[in-house]
Amino acid sequence: MPWLQRSTLGLIAAGLTLGLFLSPPDYQQGDSVRIMYVHVPAAWMALFCYTAMAGASAAALVWRHALAHVAARATAPIGASFTFIALASGSLWGKPMWGTWWVWDARLTSMLVLFFLYLGYIVLAGAFDDRERAQKSAAVLAIVGFVNVPIIKFSVDWWNTLHQPASVLKIDGPSIDPSMLAPLLLMAIGFATYYFWVLAIRMQDEIMAGKIRALRLRRAESEAGDRSS
Amino acid sequence: MTPFQAFLSMGGYAGYVWPSFAIAALALGALLFASLRSRKATAAELDALETQAGEEASET
């Protein structure tokens with residue numbers, strides 16, 4: 001997918017240029033606000049990937065479409081990486097701004113739970129010798145774990161915490177200056193095209209691996225047939 | 001302080017800003033690299049199997 005590759009690199013290069021050079025420091029947070037340009041897009045993509053994974057898992061269980069399982073499995077490590085980036089960069093932002101690397105508040109804890117849901121999915125999807133059973137159990141985990149997604153989104157409204165509430169996805173429009181919104185959105189779209197780029201690579205990989213399994217199975221069956229005849 | 005040094009110091013937050021960007025670059029880069037490598041290996045394996053299957057089919 002050369003166009004996905006090109007748009008990912010272009011968008012992230014533009015986002016970094018605006019975010020690191022052309023956007024102003026925050027009047028309270030100074031230059032530490034630039035952490036936002038990786039932290040917020042990564043957190044958005046962490047939720048986006050989980051939603052995609054749970055949606056694909058539900059489609060796989062309901063319509064039994066083989067590609068749906070493939071899409072969910074291919075999404076999991078990408079979502080886990082975005083969640084890791086959000087947690088790590090959040091911690092690096094929390095230290096200078098809040099005075100602590102970590103607090104067990106609702107937003108941070110529910111993001112950590114999201115990370116463990118991804119890891120649980122990856123482990124479960126590879127845990128059984130019976131592929132069918134492994135995929136089914138992992139799909140059920142992904143769907144049940146989806147309750148965590150709205151909890152993450154609304155945690156900053158439901159509980160009073162150190163973490164600030166949303167300033168972009170608000171009903172009355174973003175309350176962030178265009179000079180900061182532009183790099184934020186460029187990085188977010190760049191992360192989204194990265195997701196689709198790597199998703200395509202991983203899905204092609206999974207589909208070829210499926211063909212290998214089918215070829216091996218056919219060969220094993222024909223050898224067994226040769227011996228019995 | 002030169003403008004470049006000022007840029008690198010990130011208003012005193014260099015120790016927090018640069019690691020954030022580095023972690024993101026490393027994580028996304030490593031995942032991309034691993035995905036490309038795995039796809040290449042799988043493609044090679046599939047290719048070998050299909051060639052083998054083709055040869056066996058032409059023998060019989």
Side-chain angles (χ1 to χ4, degrees), chain A residues 5 8 12 16 19-21 25-26 29-39 41-42 74 77-78 80-97 187 190-191 194-195 197-212 214-216 218-219 222, chain B:
Chain A
Q5 181 178 345
T8 301
I12 290 179
L16 286 177
L20 288 173
F21 299 98
D26 185 70
Q29 305 194 22
D31 283 307
S32 79
V33 76
R34 299 185 202 284
I35 295 171
M36 171 174 74
Y37 305 126
V38 286
H39 176 74
I78 314 175
S81 303
F82 281 127
T83 313
F84 173 75
I85 294 168
L87 285 168
S89 62
S91 191
L92 283 160
W93 201 1
K95 185 61 183 166
M97 288 304 111
M187 290 294 283
F191 278 15
Y194 171 90
Y195 163 63
W197 177 21
V198 177
L199 178 72
I201 296 167
R202 300 192 72 89
M203 282 184 74
Q204 287 162 355
D205 191 359
E206 291 256 5
I207 291 166
M208 288 189 295
K211 279 185 190 159
I212 290 173
L215 273 172
R216 289 239 162 89
R218 208 181 308 156
R219 167 165 305 183
S222 75
Chain B
M1 201 153 59
T2 67
F4 184 65
Q5 280 172 324
F7 170 70
L8 283 185
S9 80
M10 277 287 148
Y13 294 114
Y16 304 104
V17 174
W18 296 120
S20 299
F21 283 83
I23 286 169
L26 279 177
L28 296 183
L31 181 68
L32 173 66
F33 182 72
S35 305
L36 286 171
R37 232 177 63 161
S38 168
R39 182 180 67 175
K40 203 172 160 190
T42 311
E45 196 182 343
L46 179 62
D47 213 41
L49 266 178
E50 278 176 339
T51 321
Q52 211 179 344
E55 280 165 4
E56 279 165 18
S58 61
E59 277 168 21
T60 50

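Below, read A as the first sequence line, B as the second, and so on, with proteins coming before strands; counting in each chain starts at 1. The analysis underlying the following values was restricted to heavy atoms, covering all of them including side chains, and did not include hydrogens, waters or symmetry mates.
Between the CG atom of B:Leu49 and the CG atom of A:Leu215 there is a distance of 5.5 Å, given to the nearest 0.5 Å. With values rounded to the nearest 0.5 angstrom, B:Leu46 atom CG is found 11.5 Å from A:Ile207 atom CD1. One distance of note links CG of B:Leu26 with CZ of A:Phe84; it measures 9.5 Å at 0.5 Å rounding. Taken to the nearest 0.5 Å, the CD1 atom of A:Ile35 stands 10.0 Å off from the CE atom of B:Met10. Annotation: the span from A:Trp197 atom CH2 to B:Leu36 atom CG amounts to 7.0 Å, rounded to 0.5 Å. Annotation: the span from A:Met208 atom CE to B:Arg39 atom CZ amounts to 6.5 Å, rounded to 0.5 Å.
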Would you please test A:Trp93 and B:Val17 for side chain to side chain contact (heavy atoms under 4.5 Å, CB included) and show each step?
CA-CA 8 Å; A:Trp93 201 1; B:Val17 174; over 6 Å; no
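The side-chain hydrogen bond (donor to acceptor under 3.5 Å, both in side chains) analysis of residues 22-35 of chain B, with sequence neighbours excluded, yields the pairs A:Arg202-B:Ser35.
For A:Met36, no part sits under 4.5 Å from any heavy atom of chain B, backbone or side chain. Using a 4.5 Å cut-off between heavy atoms, A:Pro25 makes no contact with chain B at all. Neither the backbone nor the side chain of A:Ala42 comes within less than 4.5 Å of any heavy atom of chain B.
Here the closest non-hydrogen pair linking B:Leu28 and A:Phe82 is CD2-CE2, 3.8 Å. Heavy atoms only, all atoms of each residue included: B:Tyr13 and A:Asp31 are closest at CD1-N, 3.9 Å. Minimum heavy-atom separation, B:Phe21 to A:Leu16: CE2-CD2, 3.4 Å.
In the displayed structure, A:Arg219 atom CZ is contacted under 6.0 Å by more than 12 heavy atoms of other residues, nucleotides or ligands.
Remark: B:Glu45 engages A:Arg216 in a salt bridge, criterion side-chain N to carboxylate O under 4.0 Å.
Looking at heavy atoms from C-beta onward, A:Glu206 lies out of side-chain contact with B:Thr42 at the 4.5 angstrom threshold. You'll find the side chain of B:Tyr16 stays beyond 4.5 Å of the side chain of A:Ser32, heavy atoms only. With contacts defined as side-chain heavy-atom distances shorter than 4.5 Å, the pair B:Ile23/A:Ser89 does not qualify. Side-chain contact between B:Trp18 and A:Leu92: absent, with no pair of heavy atoms (C-beta onward) separated by less than 4.5 Å.
In this structure B:Phe33 satisfies the ring-ring contact (aromatic ring centres under 6.0 Å, His included) test with no other residue, sequence neighbours excluded.
Ring centroids of A:Phe21 and B:Phe7 are separated by less than 6.0 Å, placing the two rings close together.
In terms of heavy-atom pairs under 4.5 angstrom with chain A, the leader among B:Ala27, B:Gly11, B:Ser38 is B:Ser38.
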